[in-house]
Amino acid sequence: MRIAMISEHASPLAALGGEDAGGQNTHVAELSAALAEDGHDVRVYTRRDAVDLPETVRLRDGVTVVHVPAGPAEPIPKDELLPYMRDFGEWLAGQWRRGDWAPAVAHAHFWMSGLAAIAAARQTDVPVVQTYHALGTVKRRHQGAMDTSPPRRIGYERALGRAVDRVVAQSQDEVRELLDLGVPRARLVVVPSGVNDAAFTPEGPAVERDPDRPRILSVGRLVARKGFQDVISAMRLVPDAECVVVGGPPPGRLADDPQARWLRALAEQCQVANRVHLVGAVPREEMPRWYRSADVLAAAPWYEPFGLTPLEAMACGVPVVGTGVGGLNDTVVDGLTGDLVAPRDPRALGIALRRLLGDRVRRFAYATAALDRARQCYTWKRAAAQLGAVYVAVSQVRHPTEVVA
Ligand code: UDP
């Protein structure tokens, strides 16, 4: 089946760790690869954000990335991309109408991609599947005045939920949020993200570390809601351990990064600076080596639509101490594959980390169960099979006589 993935700001080719490059990029890359593995023909449409990008890039057999001209060919923060979505949609419609390749289904990632997909689909009669990845209502609730999303985001998200053929929720928490938003229940399916269980494995090379000092790893974009500040504050309660933070700008630019400077100042203030190391962005293919070097992953977001990093750690046989929010409530089984504590509570986080680092047997049991859970429940192969069935269902409703598989 021909599948169009629309991912306006998150290119599967981008370097990860920066403010707008993280889980969605990984998700689109891995899902597309898994669908191609199942024999599908996938095109990923993402905004052209540099003049020297080729129009198309072949990512692997069955997956081509297409750079869509919409807005200036330069990096633009995602919260400023809305005005270009009409052009994005028009360009897609033109391609699908006149070009030699038209999709059987379009799968939009993030709300702005949804707008572009709907604009194109209306002219071409292509069914649209929507994954939000993050919701404006949740962001507004947690970030209040600091939320820089366009003011009409929530209204658009609500309208999208009614305009598309299916909405994919990634966790039970997201299902509740989507129902509250007004998405019809009959239009919802739950398909969690996956983890690449060929790359993220317990066996394999690990980054060098001090064998005598327990290592707590924390991974993600250096944005406030990821809670790195809470992990750093918690280090006061875990006196012997070191904390390694992966993510943010490339290592060479860490010194000038406001968020990194703020975290370093906090570490000084908490008198843990000698045990906290900010590494900066690490290429995706090197991530398994970092997880393998850790005794535990600390994931302390204030909220989290899904959260790939706990799953990646679990697939490497690393237990998780996390906050019981969003997707973590589904992926991490409290007391079995890790421990969950309340968000924004460095004390509870510190106590949980100290207890787990002091208990070898418990760590081993968690690690074994975590690995098992990641492999059994969260492979991309599984996600691709479930979504493949969704794509078939929506295209058969629209075009009942066509052979779509
Ligand atoms: N990541 C990476 N290099 C980094 C930091 C993060 O490759 O330096 C990857 C990480 O392995 C994961 C993704 O970026 O696949 C982050 O996804 P997550 O769902 O945890 O967070 P999001 O960015 O969606 O908020």
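Since the structure is predicted, the reported quantities are computational estimates derived from the model, not experimental observations. Counting convention: from 1, in listed order, for ligands and their atoms alike. Computed from heavy atoms alone, side chains included, the values below leave out hydrogens, waters and symmetry copies. Sequence positions, counted from 1, serve as the residue numbers for this chain.
Atom-to-atom distance recorded for Glu157:CD and Tyr132:OH is 6.0 Å, nearest 0.5 angstrom.
Residue-ligand proximity, Gly247 to ligand 1, at heavy-atom distances under 4.0 Å covers atoms 5 (C), 8 (O). Residue-ligand proximity, Arg284 to ligand 1, at heavy-atom distances under 4.0 Å covers atoms 7 (O). For ligand 1, the atoms sitting less than 4.0 Å from at least one non-hydrogen atom of Val246 are 8 (O), numbered in the order shown with element in parentheses. Every atom of ligand 1 with a heavy atom of Thr26 under 4.0 Å away is listed here by number and element: 13 (C), 15 (O). Using a 4.0 Å cut-off to heavy atoms of Glu312, the atoms of ligand 1 that qualify are 10 (C), 11 (O), 12 (C), 15 (O).
Heavy-atom contacts from other residues, nucleotides or ligands closer than 6.0 Å to CZ of Arg97 number more than 12.
Residue Leu308 places at least one N or O, backbone or side chain, under 3.5 Å from an N or O of ligand 1. Checked by distance only, ligand 1 and Val219 stay at 3.5 Å or farther apart across all their nitrogen or oxygen atoms.
Classified by interplanar angle (parallel below 30°, tilted 30° to 60°, perpendicular above 60°), the ring pair Tyr156/Trp111 is parallel. Using cut-offs of 30° and 60° for the angle between ring planes, the Tyr45 and Trp101 rings count as tilted.
Taking the six-membered ring for Trp and the full ring otherwise, the centers of Phe110 and His133 sit at least 6.0 Å from each other.
With respect to the salt-bridge test (charged N to carboxylate O, under 4.0 angstrom), the residues Arg48 and Glu74 do not qualify. A salt bridge does not link Arg253 to Asp256: none of the charged nitrogens lies less than 4.0 Å from a carboxylate oxygen.
Not a single heavy atom of Glu286 lies less than 4.0 angstrom from ligand 1. Within the structure, ligand 1 lacks Glu30 among the residues with a heavy atom less than 4.0 angstrom away.
Nearest-residue assignment for atom 2 (C) of ligand 1 (options Leu328, Val223, Val282; heavy-atom criterion): Val282. In the candidate list Lys226, Arg225, Met287, Arg221, Lys226 is nearest to atom 21 (O) of ligand 1, counting heavy atoms.
Using modelled atom types, no side-chain atom of His107 and backbone atom of Ile6 make a donor-acceptor pair closer than 3.5 Å.
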